[in-house]
There are 2 protein chains.
Amino acid sequence: MSLSIGQVAERTGLSVHALRFYEREGLFVNPVRRGPSGRRIYSEDDVDWLTVCIILRASGMPLPVLSRYADLVREGAGTEEERLTLMREHQARVTTQIGRLTESLDLIRFKVAVYEDLVDQGAAAHQCHAPSPAAGEEGTPLLRQEAVVE
Amino acid sequence: MSLSIGQVAERTGLSVHALRFYEREGLFVNPVRRGPSGRRIYSEDDVDWLTVCIILRASGMPLPVLSRYADLVREGAGTEEERLTLMREHQARVTTQIGRLTESLDLIRFKVAVYEDLVDQGAAAHQCHAPSPAAGEEGTPLLRQEAVVE
DNA sequence: CTAGAATCTAGACCCGGCTCTAGATCAACC
DNA sequence: GGTTGATCTAGAGCCGGGTCTAGATTCTAG
């Protein structure tokens, strides 16, 4: 089954511009076929490959690495070790990135909790017409609540 | 305790360029103080705030959002609801991002496993001088192994 | 007093990753 | 046989997030 660039764009969610750009960047394993009038003709395999590319991109693989990977796949047998290395390196990057995000999430959750408390207190104070008696030590609350969580 | 821009750069890991850039972008809660000769003087609070900024940046908060957050903190009491909203939105973004990365990791792990098998097979074949008898159906292995994992 | 390091401002530059434009060609429908 | 829409190429433009440069202070040590 052969597809036009517009159809591939629709199926993959990439723009036609991005598809041509990816081609220039060498991300395709096989050179994209052309019709008699020079128009691009994509196969289902191309779409499958693009799907993989999209996932790898979404996990932060840079275009040059993706291009290198495409090169290796194109070369075929004998490049498996390097592909393995490349994938393992990417796996490590993604894993550490998830770790970083998860750590950041700790701070973010803490901030959310702090502001939830403050907003609740504010609402309560507004209800009982008293200036937040349970607030405890105020001091410089707007600075203190910005303190690092560590 | 007051710090020079170089000292802050050293403590935070940001470059002096980045520090001045962040200031222009309005990321500081308080305008950075200046010495008599016009040089920047940072406080420990500035460093603490920067530490928070670095974590939020690491989790993908764009500079304009960070700047908006700094604005709200500067304005002080009465902006807690908006700060809560902002933080919750960021929390949601980070959570979905972790989800995306974790999904991607599935594919990456799968690829790693496939290449590990291939490399092992290749090594075994090399040892016993037989062309990988356990490989089963070969067909178009270099294409099939690139198939989407879903 | 002077050399070298740090800082200042304003603005140019870079990089990654697209996105958009212009002008031409081609396909399809009425 | 026009008109409309999709596609083509080459190249410019954009956005985010810094980075770097130039030229002028200013600080610090010997």
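First the proteins, then the strands, lettered A, B, ... as listed; each starts at 1. From a predicted model like this one, the values you see are computed outputs, not experimental measurements.
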* To do: Using the salt bridge (charged side-chain N to carboxylate O under 4.0 Å, His left out) rule, take B/Glu82 and B/Arg88 through it: C-alpha gap first, then chi angles, then the decisive distance, then the call.
  => CA-CA 10 Å; B/Glu82 192 172 345; B/Arg88 275 182 173 155; over 6 Å; no
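Side-chain contact between B/Tyr69 and B/Met87 is present, with at least one heavy-atom pair separated by less than 4.5 Å. Taking the side chain as every heavy atom from C-beta outward, B/Glu103 and A/Ile55 never approach each other to under 4.5 Å.
Taking only side-chain nitrogens and oxygens, B/Ser37 comes nearer than 4.0 Å to OP1 or OP2 of D/dC27. Between A/Ser4 and D/dT7, a side-chain N or O to OP1/OP2 separation shorter than 4.0 Å is present. Phosphate contact (OP1/OP2 of D/dG17, side-chain N/O of B/Arg57, threshold under 4.0 Å): present.
Here chain B contacts DNA chain C (any atom closer than 4.0 Å to a heavy atom, that is under 4.0 Å), and the contacts span C/dA6 to C/dT9 from 5' to 3'.
Going from atom CZ of A/Arg20 over to atom P of D/dG11 covers 15 Å, rounded to whole Å. Rounded to an integer number of Å, the gap from OH of A/Tyr42 to P of D/dT7 is 9 Å. The CZ-C1' distance, from B/Arg39 to D/dT25, rounds to 7 Å in whole Å. Atom C1' of nucleotide D/dA6 and atom CD1 of A/Ile41 are separated by 14 Å, given to the nearest angstrom. At whole-Å resolution of the value, CZ in B/Arg40 and C1' in D/dT25 are 14 Å apart. At whole-Å resolution of the value, CG in B/Leu19 and C1' in D/dT19 are 13 Å apart. Rounded to an integer number of Å, the gap from B/Arg24 CZ to D/dG17 P is 14 Å. In this structure, A/Phe21 atom CZ and D/dC14 atom C1' are separated by 13 Å, rounded to whole Å.
Sequence order on DNA chain D of the closest nucleotides to B/Pro64 and A/Arg34 puts A/Arg34 first from the 5' end.
We find that A/Arg34 and A/Glu23 are joined by a salt bridge, their nearest charged nitrogen and carboxylate oxygen being less than 4.0 Å apart.
Open room surrounds CD on B/Glu10; 12 or fewer heavy atoms of other groups in view lie less than 6.0 Å from it.
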